[in-house]
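Data first, discussion second: the structure below is written as structure tokens.
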Amino acid sequence: MVFFAHIGASQLERTICGDTAVEGVLATNGQTTGILPEDCVHSRFIILWGTNPVTSNQHLWPYIQKAKSNGATIVVVDPFKSATAEKVDWHIQPSPGTDTALALGLMHVIFKENLQDQDYIDRYTVGVEELKKHVQAYDPEAVAQITGLEAETIISLAKSYAQSSPALIRVLIGMEHQVNGASAFRAVAMLPALTGAWRQFGGGLMHMTYELFGASLNWESITLPAALANQQTRSINMIELGKALTSKDLSPGIDALFVFNSNPAVTTPNQNLILKGLEREDLLTIVSEHFITDTARYADYVFPATSVLENWDILDSWGSTYININEPAIEPLGESKTNSELFRLLAKEMGFTESYLYESDIDIVKKTLQSDHEYLKGITFESLRKTGGQRLNLPEKWMPHVTGNFKTKTKKCHFYDEDIEPNLPTYIPREYNEADMEKYPLHLLTLKTPKYLLNSSHGNVDHILEKEGQPYVEIHPKDAAIRNIADGDELKIFNQRGRVFMTASISHKVTRGVVCMPQGYWPSLLKGGSSANALTDHLLTDMGRGGAIQEAKVEILKV
Ligand SMILES: Nc1nc2c(c(=O)[nH]1)N[C@H]1C(S)=C(S)[C@@H](COP(=O)(O)OP(=O)(O)OC[C@H]3O[C@@H](n4cnc5c(=O)[nH]c(N)nc54)[C@H](O)[C@@H]3O)O[C@H]1N2
Ligand SMILES: Nc1nc2c(c(=O)[nH]1)N[C@H]1C(S)=C(S)[C@@H](COP(=O)(O)OP(=O)(O)OC[C@H]3O[C@@H](n4cnc5c(=O)[nH]c(N)nc54)[C@H](O)[C@@H]3O)O[C@H]1N2
Ligand SMILES: [Mo]
């Protein structure tokens, strides 16, 4: 990053993952660090809201199972019957992108049944009267219309949640890839304050833990020097890469693209527009990679990158409280270089002399750990080399909001915020024109369901693809019947942006009007040369400038 700042390159808004979710939770709580993963074993009612830990958060799942064996009821709220939804007590399957309405509907019932914790609300929250008024419009019947759920389900979920203790809601990022993704997180994050769930150990919201590392590691030593940080350079949003590479309006246009740690030809929405951009003869494309990915195929230069076996690194976490050191097991093979070594070599070739361009990886690791913060007490470069990884030195019982202590400007939980538009989370669906809705009536989810892929990583490894098996598009029996589709038929799934060929799996994993296909497959390895993101759009979310990737509409034909 220092190297790119030094040469004055455009900045990248790296918002494809987490920013929308975080923005929503921050609006309500001012911080995302709620309940810690291990502490969910104390919960008696757990809602896994738009997250699929059996596949995507495997280190959390054993704790959820422990909670279950301790007597907890486990609920999943997900428009798709994920691997997790198949294993829990209660799967609630709303239409995609309707969680804001569902959360407000639960609040409606909680107020109506007088199940709120008035004392907690009075002491530690802002705007309850506005919220009460606002949720009047979200009665169970209205919310049933929006979400496709039964009104009874909404009432029953609200009562079970509010009457269980400790009650935990686990969110990660799943529902952020919708146009109103941040509003959904903002609304869901209000529930534990409304019911006072934060008062109990194991009750509240579980989201991210990265703030613990943000507070304790020595970031100052490795951030940009002030002179560079204050430079005025434009930002390009990574969601809009295709648009940025092909736009005639961008001035100056993009002449060179440097890709590392990412495979946008597979993972970024509007795949065909990205490929069109990558095909430009006048674009200099440089990729640092382990493999010739579908992005690297378009590169003018490919540089071999080291793997985790060959480089020093320090690993903080999104979801755990452990800090780990990565020590190279072997010397870099062949000509492979760590990302930072590649930038140092480029800086040298370019004749730059600033010392900040030349810090070694091990120095960066050591400096990051130089901190007097109490969370890092007993954690040093030497101790990490011995242990490999250590838990942050956190207080015995982590109960962040037992007595309020929110990190908002008022130090209270914000049901209402005069500085955010709208002032209360509001269900605002995307409006489609009628002609498009007729042409592309099915809502497409493109999900990280493959068991052995990590996003697009490993998507080129034969034995992994073999274990993964054939990719299927899930379609509801009624949607299949009206299209004369039988199980196992070859299908073309298409919209304005592209088409993907995949085999039909007729199932109740999706509700009527929703279809689902796996994300992660490389387009070059699928029939027709397109994969899931050929159908998604580079539309941005309501807050946080993330991507509304799961907002795609498609039609399906038998081929
Ligand atoms: N095995 C494996 N593990 C991974 C990854 C991987 O690729 N493979 N990727 C890693 C990454 S980068 C991340 S960010 C995490 C993500 O982990 P999660 O937060 O679990 O997110 P996703 O897997 O994207 O989606 C989780 C669920 O959200 C649901 N969902 C989609 N739209 C909505 C909606 O509008 N409302 C609701 N309620 N639910 C919705 C989907 O159907 C899906 O089942 O996983 C990480 N772990
Ligand atoms: N349709 C759809 N699209 C999605 C999602 C979805 O659910 N649906 N999920 C989104 C999410 S949450 C995320 S996080 C993104 C992830 O998208 P990406 O960030 O593009 O993640 P990967 O596909 O894992 O690509 C990482 C690449 O970096 C390479 N790599 C690994 N280590 C190194 C290294 O040390 N140096 C260098 N130079 N390269 C290295 C790997 O070989 C791999 O090719 O995808 C997003 N895209
Ligand atoms: Mo992600």
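None of the values given here were measured: they were computed from a predicted structure. By convention here, the first residue in the shown sequence is residue 1. Counting starts at 1 for both ligands and their atoms, following the listed order.
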Review point. Taking only heavy atoms of Ala305, which atoms of ligand 2 are found under 4.0 Å from at least one of them?
Key: 36 (N), 37 (C), 38 (N)
Point to revise | Which of the ligand 2 atoms, numbered from 1, are nearer than 4.0 Å to a heavy atom of Phe260 | key: 38 (N)
Exercise for review: Would you indicate whether Tyr432, at its atom OH, is surrounded by more than 12 heavy atoms from other residues, nucleotides or ligands within a distance under 6.0 Å?
Suggested key: yes
Review point. Ser320 side chain to Ser317 main-chain N or O, any donor-acceptor pair under 3.5 Å?
Key: no
Check your understanding: Hey, mind stepping through Arg297 and Asp294 against salt bridge (Lys or Arg N to Asp or Glu O under 4.0 Å) and telling me if it holds?
Key -> CA-CA 5 Å; Arg297 286 167 174 270; Asp294 277 5; 3.0 Å; yes
Review point. Does any N/O atom on Asn311 come nearer than 3.5 Å to any N/O atom on ligand 2?
Key: no
Starting from the N and O atoms of ligand 1, find every protein N or O within less than 3.5 Å and list the pair with its distance.
unit_1: ligand 1; atom_1: 1 (N); unit_2: Thr55; atom_2: O; d: 3.1
unit_1: ligand 1; atom_1: 3 (N); unit_2: Thr55; atom_2: O; d: 3.4
unit_1: ligand 1; atom_1: 7 (O); unit_2: Asn455; atom_2: N; d: 2.6
unit_1: ligand 1; atom_1: 8 (N); unit_2: Leu453; atom_2: O; d: 2.9
unit_1: ligand 1; atom_1: 17 (O); unit_2: Ser56; atom_2: OG; d: 3.1
unit_1: ligand 1; atom_1: 19 (O); unit_2: Thr51; atom_2: OG1; d: 3.4
unit_1: ligand 1; atom_1: 19 (O); unit_2: Ile173; atom_2: N; d: 2.9
unit_1: ligand 1; atom_1: 19 (O); unit_2: Gly174; atom_2: N; d: 3.4
unit_1: ligand 1; atom_1: 20 (O); unit_2: Thr51; atom_2: OG1; d: 2.9
unit_1: ligand 1; atom_1: 20 (O); unit_2: Asn52; atom_2: N; d: 2.9
unit_1: ligand 1; atom_1: 20 (O); unit_2: Ser56; atom_2: OG; d: 2.8
unit_1: ligand 1; atom_1: 24 (O); unit_2: Lys448; atom_2: NZ; d: 2.9
unit_1: ligand 1; atom_1: 28 (O); unit_2: Gly50; atom_2: O; d: 3.3
unit_1: ligand 1; atom_1: 32 (N); unit_2: Gln178; atom_2: NE2; d: 3.2
unit_1: ligand 1; atom_1: 35 (O); unit_2: Gly97; atom_2: N; d: 2.8
unit_1: ligand 1; atom_1: 35 (O); unit_2: Asp99; atom_2: OD1; d: 3.3
unit_1: ligand 1; atom_1: 35 (O); unit_2: Gln178; atom_2: NE2; d: 3.0
unit_1: ligand 1; atom_1: 36 (N); unit_2: Asp99; atom_2: OD1; d: 2.6
unit_1: ligand 1; atom_1: 36 (N); unit_2: Asp99; atom_2: OD2; d: 3.4
unit_1: ligand 1; atom_1: 38 (N); unit_2: Val77; atom_2: O; d: 3.2
unit_1: ligand 1; atom_1: 38 (N); unit_2: Asp99; atom_2: OD2; d: 2.8
unit_1: ligand 1; atom_1: 42 (O); unit_2: Asp78; atom_2: OD1; d: 2.6
unit_1: ligand 1; atom_1: 42 (O); unit_2: Asp78; atom_2: OD2; d: 3.4
unit_1: ligand 1; atom_1: 44 (O); unit_2: Asp78; atom_2: OD2; d: 2.6
unit_1: ligand 1; atom_1: 47 (N); unit_2: Ser56; atom_2: O; d: 2.8

**Study point:** Glu289: numbered ligand 2 atoms lying under 4.0 Å from its heavy atoms
**Key:** 27 (C), 28 (O), 29 (C), 41 (C), 42 (O), 43 (C), 44 (O)
Check your understanding: Leu342: heavy atom below 4.0 Å from ligand 2, yes or no?
Key -> no
Review point. Out of curiosity, Tyr452 OH to His458 NE2, how far, rounded to the nearest 0.5 Å?
Key: 12.5 Å
Practice item. Check the surroundings of atom CD in Gln496: do more than 12 heavy atoms from other residues, nucleotides or ligands lie under 6.0 Å from it? Key: yes
Point to revise | Salt bridge present between Glu341 and Arg344 (N-O < 4.0 angstrom) | key: yes
Point to revise | Where ligand 2 meets Thr306 - atom numbers and elements under 4.0 angstrom, heavy-atom basis | key: 35 (O)
Point to revise | Distance-only donor-acceptor check, side chains Glu474 and Ser507, under 3.5 Å | key: yes
Review point. Are Glu23 and Thr20 close enough that a side-chain donor and a side-chain acceptor fall under 3.5 Å?
Key: no
Exercise for review: Considering only NZ, NE, NH1 and NH2 on the basic side and carboxylate oxygens on the acidic side, decide whether Arg545 and Asp19 come within less than 4.0 Å.
Suggested key: no
**Study point:** Geometric class of the Phe343/Phe3 ring pair [parallel <30°, tilted 30-60°, perpendicular >60°]
**Key:** parallel
Exercise for review: Would you mind listing which atoms of ligand 2 come within a distance below 4.0 Å of any non-hydrogen atom of Asn533?
Suggested key: 1 (N), 2 (C), 3 (N)
Review point. Are more than 12 heavy atoms from other residues, nucleotides or ligands located less than 6.0 Å from atom CD of Gln470?
Key: yes
Review point. Can Val266 be said to touch ligand 2, with heavy atoms closer than 4.0 Å?
Key: no
Practice item. Run the numbers for me: atoms of ligand 2, each under 4.0 Å from some heavy atom of Thr293, listed by number. Key: 44 (O)
Check your understanding: Should you measure from each heavy atom of Ser288, which atoms of ligand 2 turn up under 4.0 Å away?
Key -> 37 (C), 38 (N), 39 (N)
Point to revise | Ser262-ligand 2 polar pair, N/O distance under 3.5 Å | key: yes
